[in-house]
Amino acid sequence: MLLYSARGIQIEELALDLERTLDLNGFLGISENVRPGYDAVKVNVRVKSPASDENLRELWKLSQGISPVLDMIRNPVPVAFELERLF
């Protein structure tokens with residue numbers, strides 16, 4: 001499958017691998033002094049493209065500035081939960 005970026009750069013393949021660290025003491029409720037979330041997240045991106053390294057680096061930089069998922073991670077957003085009983 002061929003994809004084209006907002007900059008017209010051809011992308012033949014794109015894969016993202018996420019690495020994350022988590023202290024299970026927080027996640028499992030063992031310690032109230034440890035937050036239950038991830039301590040860090042690292043994203044490794046692999047791309048196959050005929051574009052130049054310079055164009056790919058420019059696209060990578062642009063994508064980090066306009067990604068709604070990355071923005072949500074970097075800037076806390078309100079989250080609302082509702083509990084609904086199913087009968």
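It should be emphasised that the depicted structure is a prediction, and the values quoted were computed from it without experimental measurement. For the numbers below, each heavy atom of this structure counts, side chains included, while hydrogens, waters and symmetry mates do not.
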Start with the C-alpha gap between L59 and N55, add the side-chain angles, then the distance that decides, and say whether side chain to side chain contact (heavy atoms under 4.5 Å, CB included) holds. CA-CA 6 Å; L59 181 60; N55 282 344; over 6 Å; no

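- Contact check for L70 versus V41: no side-chain heavy atoms found under the 4.5 Å cut-off.
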- Message: Assess the residue pair L14 and V45 against the criterion (side chain to side chain contact (heavy atoms under 4.5 Å, CB included)); give the C-alpha distance rounded to whole Å, side-chain angles, the decisive distance to 0.1 Å, and a yes or no.
- Response: CA-CA 7 Å; L14 182 67; V45 179; 3.7 Å; yes

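- With a 4.5 Å cut-off on side-chain heavy atoms, Q10 and P50 count as touching.
- Within the structure, side-chain hydrogen bond (donor to acceptor under 3.5 Å, both in side chains) contacts touching residues 28-42 (residues at least two apart or in different chains) do not occur.
- Hydrophobic clustering places L18 together with V47 (ILVMFWY residues linked when any side-chain heavy atoms are closer than 4.5 Å, directly or through intermediates).
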Item to complete: Go through N44 and L16 one step at a time and tell me if the side chain to side chain contact (heavy atoms under 4.5 Å, CB included) criterion holds.
Response: CA-CA 6 Å; N44 297 310; L16 292 96; over 6 Å; no

**Request:** Apply side chain to side chain contact (heavy atoms under 4.5 Å, CB included) to F81 and L83, showing your working.
**Result:** CA-CA 7 Å; F81 287 93; L83 177 63; over 6 Å; no

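- In plain terms, the two heavy atoms of L22 and G37 that are nearest each other are CD1-O, 3.3 Å.
- The salt bridge (Lys or Arg N to Asp or Glu O under 4.0 Å) search around D17 returns R46, not counting sequence neighbours.
- Applying the side-chain hydrogen bond (donor to acceptor under 3.5 Å, both in side chains) test to every pair with at least one member in residues 63-84, sequence neighbours left out, gives these pairs: D71-N75.
- No side-chain heavy atom of I30 sits less than 4.5 Å from a side-chain heavy atom of L24.
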